[in-house]
Amino acid sequence: MKRSTGLAMLAMGLLAACAPTPKRTALVVGESPCVSGRFDVYFVENQAKLTDAATLLLRTAAEKAKECRVNHVRVLGLADATGTVEANLSLSQRRALAVAEALTQAGMPAPAFEVNAAGDAGAVNASGADELLRRRAEVFIETSPR
């Protein structure tokens with residue numbers, strides 16, 4: 001009985017040795033860096049010039065996107081409620097364009113940018129106070145693995 005058990009174990013071991021070895025790629029799986037996401041780029045009051053921190057953020061985003069298929073990039077410029085409606089719309093347009101241009105210069109591999117501006121629409125909260133965090137551009141990047 002012990003001998004037949006030993007032979008069975010030996011046979012199973014030999015059969016296992018004959019099984020094809022799985023490819024390494026099937027054994028090692030990591031997260032894809034190609035995840036769609038959103039981030040904000042903040043501006044100084046009444047300015048559309050990128051800060052050093054904003055420039056670094058945009059360069060980093062473009063660098064990461066080079067490893068991916070970039071399906072779509074949308075930039076929405078915003079402004080707070082100080083100033084006229086026309087001035088705020090113009091400011092938010094310039095902010096959105098500054099962000100899109102910086103992404104392009106940094107090598108963002110996007111087929112096309114959708115650039116929009118909201119001006120100061122929605123910049124005043126329910127209590128009538130100005131939303132200071134509206135001094136920004138929102139960036140949406142849709143990516144997928146290659």
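Of the inter-residue distances, the one linking Glu101 atom CD with Arg94 atom CZ reads 12.0 Å to the nearest 0.5 angstrom. A distance of 10.5 Å separates OG of Ser36 from NE2 of His72, quoted to the nearest 0.5 Å. In this structure, CG on Leu91 lies 13.0 Å from CD on Glu86, to the nearest 0.5 angstrom. Note that CZ of Arg74 and CD of Glu142 are 11.0 Å apart. Values are rounded to the nearest 0.5 Å.
Listed here is the closest heavy atom pair of Pro109 and Ala65: CG-O, 3.6 Å. Nearest heavy-atom pair, Thr143 versus Cys34, reported as atom, atom and distance to 0.1 Å: OG1-C, 3.3 Å. What you find for Ala96 and Gly77 is that their closest heavy atoms are CB-N, 3.6 Å. The nearest pair of heavy atoms linking Ser92 to Gly119 is OG-N, 2.9 Å. In this structure, Ala81 and Ala123 approach most closely via the heavy-atom pair N-CB, 3.7 Å.
Applying the 6.0 Å contact sphere to CZ of Arg59 captures no more than 12 heavy atoms from other residues, nucleotides or ligands.
You'll find the side chain of Arg135 reaches within 4.5 Å of the side chain of Arg95, heavy atoms only. Using a 4.5 Å heavy-atom threshold, the side chains of Val44 and Lys49 count as separate.
Through direct or indirect side-chain contacts shorter than 4.5 Å among Ile, Leu, Val, Met, Phe, Trp and Tyr, Leu103 is connected to Phe39, Val41, Phe43, Leu50, Leu57, Leu58, Val70, Val73, Val75, Leu97, Val99, Met108, Phe113, Val115, Val139, Ile141. When hydrophobic side chains of Ile, Leu, Val, Met, Phe, Trp and Tyr are connected at separations under 4.5 Å, Leu56 ends up as a singleton with no cluster partners.
A donor-acceptor contact shorter than 3.5 Å links the side chain of Asn88 to the backbone of Thr82. One N or O on the side chain of Arg134 and one on the backbone of Ala121 form a donor-acceptor pair closer than 3.5 Å.
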